[in-house]
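Letters A, B, ... mirror the listed sequences (proteins, then strands); counts begin at 1. These numbers come from the heavy atoms of this one structure, side chains and all, not from hydrogens, waters or symmetry mates.
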Protein chains: 2
Amino acid sequence: MRIGEVARSAGVSVRALRYYEEQGLLTSDRTPGGHREYAADAVGRVRFYQQLYAAGLPSRRIAELLPCIDTGTTTAEQRDMLDAERARLQGRIAELTDALARLDEIVAAAEARSA
Amino acid sequence: MRIGEVARSAGVSVRALRYYEEQGLLTSDRTPGGHREYAADAVGRVRFYQQLYAAGLPSRRIAELLPCIDTGTTTAEQRDMLDAERARLQGRIAELTDALARLDEIVAAAEARSA
DNA sequence: CTTGATTCTGACGTCCACGTCAGGTTCTAG
DNA sequence: CTAGAACCTGACGTGGACGTCAGAATCAAG
């Protein structure tokens, strides 16, 4: 697959894909002319990265987790990091849920007035 | 309350409070000498803003919502925005929950290998 | 072989919530 | 009255994930 197709399939920009490669998150072969050629799993990987970005993980952390994602083996340090990220994520979900509740209060109050 | 006390109570920096004022999110009186003097509800407001920031709302949007938060009245446009933000938040919570599940998969796989 | 679409490599620009430094003023305790 | 803490206003710096533009090369179709 070429970069444009991967971008469209994954719903990101071409620039983003080049950026991921810069950060060591995505690899590609090259055509004789130098154009990138992606393996079939590229789209899935990119979608996964987008999830992790949305979860607040920076590229650097994702890169650190890559080996254990790909090989399934982890060092104690990586397991600690995974646990920490898990905890952080759960915290964020709680925060968002709380924020949602407060927005709901506002909506409810507004509807009460307009009704 | 003076700015340092508000900052400590709310768990943010002094700089952040000045920034919120710059963005029209927070008001303050001034002492004759020009120092800021905050009302009692400032801490609560700041905590709320932090929640909304954590939820991904930029200052500009918060500022747009301020009138309906404060007065309880909303225009149709504001209600639409509130609904949109609500939906966005729910979407994000779903994303994070999903990302958490994927991290869990990795942790589980790693533990299986090490066990 | 030509044309138009796609891709390439730099490299600077952007947005946002502040951090940080400079240089000066105000407040408060003793 | 004085020292030190706290505060003031600019204004530039920061980090992250790209956007965007320039100028050139490659690719796929006819």
Side-chain angles (χ1 to χ4, degrees), chain A residues 1-39 42-43 45-66 85 88-89 92 95-96 99, chain B residues 1-39 42-43 45-66 85 88-89 92 95-96 99:
Chain A
M1 284 177 98
R2 291 169 45 186
I3 195 169
E5 193 180 351
V6 174
R8 272 189 306 276
S9 303
V12 302
S13 70
V14 164
R15 176 70 176 91
L17 296 182
R18 292 202 266 257
Y19 175 74
Y20 298 160
E21 188 167 327
E22 232 178 87
Q23 303 303 309
L25 302 182
L26 204 56
T27 57
S28 60
D29 290 335
R30 296 297 180 117
T31 67
H35 286 193
R36 290 176 178 79
E37 190 64 36
Y38 291 92
V43 173
R45 294 182 78 98
V46 169
R47 291 211 174 106
F48 182 43
Y49 297 153
Q50 287 288 110
Q51 270 196 331
L52 295 183
Y53 281 137
L57 281 83
S59 294
R60 184 179 296 265
R61 275 228 180 294
I62 300 179
E64 287 168 7
L65 290 177
L66 265 196
E85 292 298 347
R88 218 179 44 72
L89 248 183
R92 265 192 75 74
E95 277 172 21
L96 294 197
Chain B
M1 286 177 96
R2 290 167 47 185
I3 195 169
E5 193 182 348
V6 174
R8 274 190 305 278
S9 303
V12 303
S13 70
V14 164
R15 177 70 175 90
L17 296 181
R18 296 203 190 99
Y19 175 74
Y20 298 160
E21 188 167 327
E22 232 178 87
Q23 304 303 310
L25 301 183
L26 203 56
T27 58
S28 59
D29 290 336
R30 296 297 179 114
T31 68
H35 286 193
R36 290 176 177 79
E37 190 62 37
Y38 292 92
V43 174
R45 294 181 78 97
V46 168
R47 290 213 175 106
F48 182 43
Y49 296 154
Q50 288 289 112
Q51 270 195 331
L52 295 183
Y53 281 138
L57 282 84
S59 293
R60 184 178 296 266
R61 274 226 182 294
I62 301 181
E64 288 169 7
L65 290 177
L66 265 196
E85 292 299 346
R88 217 179 45 72
L89 249 183
R92 267 192 74 74
E95 277 172 20
L96 294 198

TODO: Using modelled atom types only, decide if a donor and an acceptor are shared between the side chain of A:Gln51 and the backbone of B:Leu96 within a distance under 3.5 Å.
DONE: no
TODO: To the nearest Å, give me how far apart CZ (A:Arg15) and P (C:dA11) are.
DONE: 13 Å
TODO: Check the distance between C:dC18's C1' and B:Tyr49's OH and give it to me in whole angstrom.
DONE: 17 Å
Open item on the list: Of the options C:dG19, D:dG19, C:dA17, whose atoms approach the side-chain atoms of A:Ser13 most closely?
Closed with: D:dG19
Task: side-chain N/O B:Ser59 vs C:dA17 OP1/OP2, d < 4.0 Å - done: yes
- [ ] Please tell me which of the listed nucleotides, D:dA6, C:dG19, C:dC8, lies nearest to the side chain of A:Ile3?
- [x] C:dC8
Open item on the list: Between P on D:dA17 and CD1 on A:Ile62, what's the gap in Å once rounded to a whole number?
Closed with: 7 Å
- [ ] With DNA chain D as reference, determine whether A:Thr31 or A:Tyr19 sits nearer its 5' end, using the nearest nucleotide of each.
- [x] A:Tyr19
Open item on the list: Just the rounded figure in Å: distance from P of D:dA25 to CZ of A:Arg36.
Closed with: 17 Å
TODO: Identify which one of A:His35, A:Glu21, A:Arg2 satisfies the side-chain hydrogen bond (donor to acceptor under 3.5 Å, both in side chains) criterion when paired with A:Ser28.
DONE: A:Glu21
TODO: Calculate the interatomic distance between A:His35 atom NE2 and D:dA25 atom C1'; express it in whole Å.
DONE: 7 Å
- [ ] Would you please confirm or rule out a distance under 4.0 Å between OP1 or OP2 of C:dT9 and any side-chain N or O of A:Arg30?
- [x] yes
- [ ] Record whether the side chain of A:Arg18 comes under 3.5 Å of the base of C:dT9 through a donor-acceptor pair of N or O atoms.
- [x] no
TODO: Using atom OH of B:Tyr20 as one end and atom C1' of C:dG19 as the other, report the distance to the nearest whole Å.
DONE: 13 Å
- [ ] Among D:dC7, D:dC27, D:dC18, find the nucleotide with the atom closest to the side chain of A:Tyr53.
- [x] D:dC18
- [ ] Flag yes if more than 12 heavy atoms outside A:Arg60 fall under 6.0 Å of its CZ atom; otherwise flag no.
- [x] no
TODO: Between C:dA11, C:dC18, C:dC27, spot the one nearest the side chain of B:Pro32, thanks.
DONE: C:dC27
TODO: Could you tell me whether the side chain of A:Arg88 and the main chain of A:Ala55 form a donor-acceptor pair under 3.5 Å?
DONE: yes
TODO: Please work out which of the three classes, parallel, tilted or perpendicular, describes the rings of A:Tyr20 and A:Tyr49, given edges at 30° and 60°.
DONE: perpendicular
Task: Among D:dC18, C:dA17, D:dC7, the nucleotide that comes nearest once only the side chain of B:Pro58 is considered - done: C:dA17
- [ ] Hey, which sits more toward the 5' end of DNA chain D by its nearest nucleotide, A:Arg60 or B:Val14?
- [x] B:Val14
Task: Length of the line joining A:Asp29:CG and C:dC8:C1', which is rounded to integer Å - done: 16 Å
TODO: Using whole Å, report how far CG of B:Leu17 lies from C1' of C:dA17.
DONE: 13 Å
- [ ] Classify the nucleic acid contact of B:Gln50 as base, sugar-phosphate or nothing, counting any heavy atom under 4.0 Å across all strands shown.
- [x] sugar-phosphate
